[in-house]
Undergrad: 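Have a look at this one before I ask anything.
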Amino acid sequence: MNIHDTLSGDTLPLRDGPVRIYLCGVTVYDDTHIGHARTIVVFDVLRRFLAESGRSVTLIQNFTDIDDKIIDRAAAEGADPLQLAERYIARYHEDFDRLHVKRADAYPRATAYMGHIISITASLIESGHAYVVDSGVYYSVESFPRYGRLSGKDTGEMMTGVRIEPQEDKLSPLDFALWKRAQKGPLWDSPWGPGRPGWHIECSAMSLSCLGEDFEIHGGGRDLIFPHHENEIAQSEGHTGGRQARVWMHTGMVTISGQKMSKSLGNIKSTRALLDRWGPNVLRLFCLSGHYSKPIDYSAELLAESLTLWRRLEACRYTLEQAAGGEGGGAAREWAERFDAAMAADLNTHEAIVAMTEMAKSVGEMAAGGRLGTGEAAAILSELDRMMGIMGLRVARPPPGAAIDGRVAERRQMRLAGRYAEADAVREELRGDSVELLDYSGRTIWVCREQIPGEDAPDQA
RNA sequence: GGUGAGGUGGCAGAACGGUUAUGCGUGAGCCUGCAGAGCUUAUUCAAGAGGGUUCGACUCCCUUCCUCACCUCCA
């Protein structure tokens, strides 16, 4: 598989062997929003695809659980910062379990890596990449000649536009904190006095400690390219002398009417609220509808389109499951190969979804024409399930004991006898269990529909 | 101002130096007891603008305009 690398600007083939992935997760000071969800779903699909292709994958996703934003938020609520972080981590897992995101192999937290953070900081001081002043320890950007390569920035030009904050004692405005001395708030002891780590250092410590050097993929949202990932490279590579990661993979932003979501515009869509409204499958299809590297514009139309698509996939899957008789003609492998080729080409989920929709269309065609044979259906079903598994899509199942087949058979007798009112009553009754009946010529397929509240008022996205 | 991404049909959104992308929406028709699903067909020269290379460009090169993001915290 090939993946685009932000650092080199090239699309690089993945090396053979186990794949180590580090994904920059979230700072847990609030609930996650659809932008976080998009990035996390993309990496979830990436690791599922690789695993499905027979690769051994290790996915590490961090929680930054100590940070000024957490402290500020806690102060505003009169809560303890570490407990607040704990609460949002719990809510994170609730939300993403619901979104069908497979749990990462580990979720390291900054607060659990203080020893590593301190030892890397000490090593950077020793090697001349960092220095100690009154307010803490800073990384010296000029000590790392490659600084700016990831984000395409020139340190000389950065100096001209920089804002000098008052009371700053760092040597250059470009330098950034590795350790912040502090008197209050959650504090950890260090050789430089009590305090807290700076923002970027925890990811250097956790990636090195969980995955080592030169791991395959380091990912996150585009907005992390600068300064977060740029600084991580400076720290990690200044410390080890080697390469931190081989491919830097960045996901595009989710925008609303073309604008990035922001607190000040009040247009943030929380993952939780959207899950309540659209359910996991529609939300995932939405997140995967465009290429991961480009922005997705959040809109009622796009959500409605994802919903329509999901309804078709549901019907397709149940149709395949209940196929019977007939001579089949179709090529399950053809769609599967197209799907795989799209995914292998820099994770082109849009193309992959197209392959799925064309497959669904073809299945509908065969089913309507009575040409869907059991053998063919089974072959297509197994491919569809594989694709849905990679995309993290799951159809709803009817309540146990619904006795659907029996009711469908009874309704068939009613229809044959021309007792349409009774037949329609059965259809209505089953609808109460979210089961919809599709009458093809000669036979009836039942589909268990996922309950999606947003379907009734799609405009209020 | 700097850096990066991008401008494709009513909307969403890919690929590709030459053949209808695809989906959604909309119109008409078919199928159906009804509904759904499905089918047929239409939605005219789709490519921000202007040059260039080429037998041929949406696809390569140049110029220009525009949008968004990052440059302060951000997935």
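Worth saying up front: this structure is predicted, and the values here are computed from it rather than measured. Labels below follow one simple rule: chain letters A, B, ... track the order of the sequence lines, proteins then strands, and each chain is numbered from 1.
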Undergrad: Pick one: which of A/E422, A/E428, A/E429 meets salt bridge (charged side-chain N to carboxylate O under 4.0 Å, His left out) with A/R407?
TA: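 By the salt bridge (charged side-chain N to carboxylate O under 4.0 Å, His left out) criterion, A/R407 pairs with just one of A/E422, A/E428, A/E429: A/E429.
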Undergrad: In dot-bracket form, how is RNA chain B paired, counting a Watson-Crick or G-U wobble pair only if both its distances are under 3.5 Å and using | for bases paired to another strand?
TA: (((((((..(((.....[...)))((((((.......))))))....(((((..]....))))))))))))....
Undergrad: With sequence neighbours excluded, what pairs up with A/N231 under the side-chain hydrogen bond (donor to acceptor under 3.5 Å, both in side chains) test?
TA: A/Y147, A/H200
Undergrad: When the distance from OH of A/Y298 to P of B/C11 is rounded to whole Å, what number comes out?
TA: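 Rounded to whole Å, this separation is 21 Å.
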Undergrad: What pairs of residues pass the salt bridge (charged side-chain N to carboxylate O under 4.0 Å, His left out) test when at least one of them lies in residues 354-364 of chain A, not counting sequence neighbours?
TA: A/R338-A/E358
Undergrad: Considering only atom C1', compute the distance from B/G50 to B/C65 and round it to an integer number of Å.
TA: 10 Å
Undergrad: May I ask you to verify whether the side chain of A/D439 and the base of B/C34 hold a donor-acceptor pair under 3.5 Å?
TA: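 Between B/C34 and A/D439, which were checked side chain against base, a qualifying N/O pair under 3.5 Å is present.
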Undergrad: Could you check how far CD1 of A/I71 sits from C1' of B/C73, rounded to whole Å?
TA: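 A/I71 atom CD1 is separated from B/C73 atom C1' by 14 Å.
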Undergrad: Could you check whether A/H33 gets within reach of a base, just the sugar-phosphate, or nothing at all, counting any heavy atom under 4.0 Å?
TA: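 Base contact - A/H33 has a heavy atom under 4.0 Å of at least one base atom.
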Undergrad: Across the strands shown, which category fits A/G252 at heavy-atom distances under 4.0 angstrom: base, sugar-phosphate, nothing?
TA: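 Counting heavy atoms under 4.0 Å across all strands, the contact made by A/G252 includes a base.
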Undergrad: State plainly whether the residues A/R397 and A/E321 are in salt-bridge range, i.e. N to O under 4.0 Å.
TA: yes
Undergrad: When you compare B/C24 with B/G51, how far apart are their C1' atoms, in angstrom units rounded to a whole number?
TA: 37 Å
Undergrad: Of A/S289 and A/R415, whose closest RNA chain B nucleotide lies nearer the 5' terminus?
TA: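 Going by which nucleotide is closer to the 5' end, it is A/S289.
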Undergrad: Measure from CG on A/D67 to P on B/U72 and round the result to the nearest Å.
TA: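 That distance rounds to 17 Å.
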Undergrad: In whole Å, what separates the C1' atom of B/C58 from that of B/A15?
TA: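 Straight-line distance between the two C1' atoms is 11 Å.
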Undergrad: Using the six-membered ring wherever Trp is involved, compare the ring planes of A/H229 and A/H218 and label them parallel, tilted or perpendicular (cut-offs 30° and 60°).
TA: perpendicular
Undergrad: Considering only nitrogen or oxygen atoms on both sides, find all protein atoms under 3.5 Å from nucleotides 20-27 of chain B and state each distance.
TA:
{"from": "B/G23", "atom 1": "OP1", "to": "A/K361", "atom 2": "NZ", "distance (Å)": "3.0"}
{"from": "B/G23", "atom 1": "O3'", "to": "A/R312", "atom 2": "NH1", "distance (Å)": "3.4"}
{"from": "B/G23", "atom 1": "N2", "to": "A/E305", "atom 2": "OE1", "distance (Å)": "3.3"}
{"from": "B/G23", "atom 1": "N2", "to": "A/E305", "atom 2": "OE2", "distance (Å)": "3.4"}
{"from": "B/G23", "atom 1": "N3", "to": "A/E305", "atom 2": "OE2", "distance (Å)": "3.4"}
{"from": "B/C24", "atom 1": "OP1", "to": "A/R312", "atom 2": "NH1", "distance (Å)": "3.1"}

Undergrad: Would you say that A/L46 contacts A/L59 through its side chain, given a criterion of any heavy-atom pair below 4.5 Å between the two side chains?
TA: no
Undergrad: Indicate yes or no: does A/D105 engage A/R47 in a salt bridge with an N to O separation below 4.0 Å.
TA: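 Salt bridge: yes.
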Undergrad: Go through the structure and list residues passing salt bridge (Lys or Arg N to Asp or Glu O under 4.0 Å) with A/D154, not counting sequence neighbours.
TA: none
Undergrad: Write down the distance separating the P atoms in B/A14 and B/G9, rounded off to the nearest Å.
TA: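 It works out to 13 Å between them.
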Undergrad: Expressed in whole Å, how much space separates the P atoms belonging to B/C11 and B/C71?
TA: 31 Å
Undergrad: Is there any salt bridge (charged side-chain N to carboxylate O under 4.0 Å, His left out) pair reaching into residues 85-94 of chain A, and which pairs are they, with sequence neighbours excluded?
TA: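 Matches after skipping sequence neighbours: A/D31-A/R91, A/E77-A/R87, A/E86-A/R109, A/E94-A/R272.
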Undergrad: Without decimals, in angstroms, what is the distance between A/L7 CG and B/U3 C1'?
TA: 15 Å
Undergrad: Salt bridge or not for A/E216 and A/R246, using N-O below 4.0 Å?
TA: yes
Undergrad: Pick the P atom in B/A57 and in B/G48, then give their distance to the nearest Å.
TA: 15 Å
Undergrad: Within this structure, what is the OH-to-P distance between A/Y147 and B/C71, rounded to whole angstrom?
TA: 11 Å
Undergrad: Indicate yes or no: at least one non-hydrogen side-chain atom of A/I66 is less than 4.5 angstrom from one of A/I71.
TA: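 In contact.
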Undergrad: Say you pick atom P in B/G29 and the same atom in B/G36; how far apart are they, in whole Å?
TA: 16 Å
Undergrad: Which residue pairs pass the ring-ring contact (aromatic ring centres under 6.0 Å, His included) test when at least one of the two sits in residues 423-453 of chain A, sequence neighbours left out?
TA: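 Counting only pairs at least two positions apart or across chains, the ring-ring contact (aromatic ring centres under 6.0 Å, His included) contacts touching residues 423-453 of chain A are A/Y318-A/W446.
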Undergrad: Using a heavy-atom cut-off of under 4.0 Å over every strand shown, decide if A/V447 touches base, sugar-phosphate, or nothing.
TA: nothing
Undergrad: For A/L438 and B/G33, give me the distance from atom CG to atom C1', rounded to whole Å.
TA: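 Rounded to whole Å, this separation is 17 Å.
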Undergrad: Who are the side-chain hydrogen bond (donor to acceptor under 3.5 Å, both in side chains) partners of A/R98, not counting sequence neighbours?
TA: A/D276
Undergrad: What distance do A/S289 atom OG and A/L302 atom CG have between them, rounded to the nearest 0.5 Å?
TA: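 Taking OG in A/S289 and CG in A/L302, the distance rounds to 4.5 Å.
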Undergrad: Take atom CH2 of A/W248 and atom C1' of B/C70, then tell me their distance rounded to the nearest Å.
TA: 16 Å
Undergrad: Going by heavy atoms closer than 4.0 Å, what residues in residues 416-429 of chain A are next to RNA chain B?
TA: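 Correct list: A/Y420, A/D424, A/R427.
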Undergrad: A/G220 near the nucleic acid: base, sugar-phosphate alone, or nothing, with a heavy-atom cut-off under 4.0 Å?
TA: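 Answer is sugar-phosphate: A/G220 comes under 4.0 Å of backbone atoms only.
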Undergrad: Rounded to whole Å, please give me the gap between CD1 in A/I445 and C1' in B/A37.
TA: 10 Å
Undergrad: Could you work out, with side-chain contact (heavy atoms from CB on, under 4.5 Å) as the rule, every residue matching A/A378, not counting sequence neighbours?
TA: none
Undergrad: By nearest atom, which of the nucleotides B/C70, B/A75, B/A15 is closest to the A/K260 side chain?
TA: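 It is B/C70.
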Undergrad: Taking any heavy-atom pair under 4.0 Å as a contact, classify A/R412: base, sugar-phosphate, or nothing.
TA: nothing
Undergrad: Quick one: list whatever passes side-chain hydrogen bond (donor to acceptor under 3.5 Å, both in side chains) with A/W179, sequence neighbours left out.
TA: A/S190
Undergrad: Of A/D223 and A/E436, whose nearest nucleotide on RNA chain B comes first from the 5' end?
TA: A/E436
Undergrad: Produce a footprint string for nucleotides 4-9 of chain B: one letter per nucleotide, 5' end first; B if the base is under 4.0 Å from any protein heavy atom, S if only the sugar-phosphate is, - if neither.
TA: --S---
Undergrad: What distance, rounded to whole Å, do you find between the two P atoms, one in B/U44 and one in B/G1?
TA: 39 Å
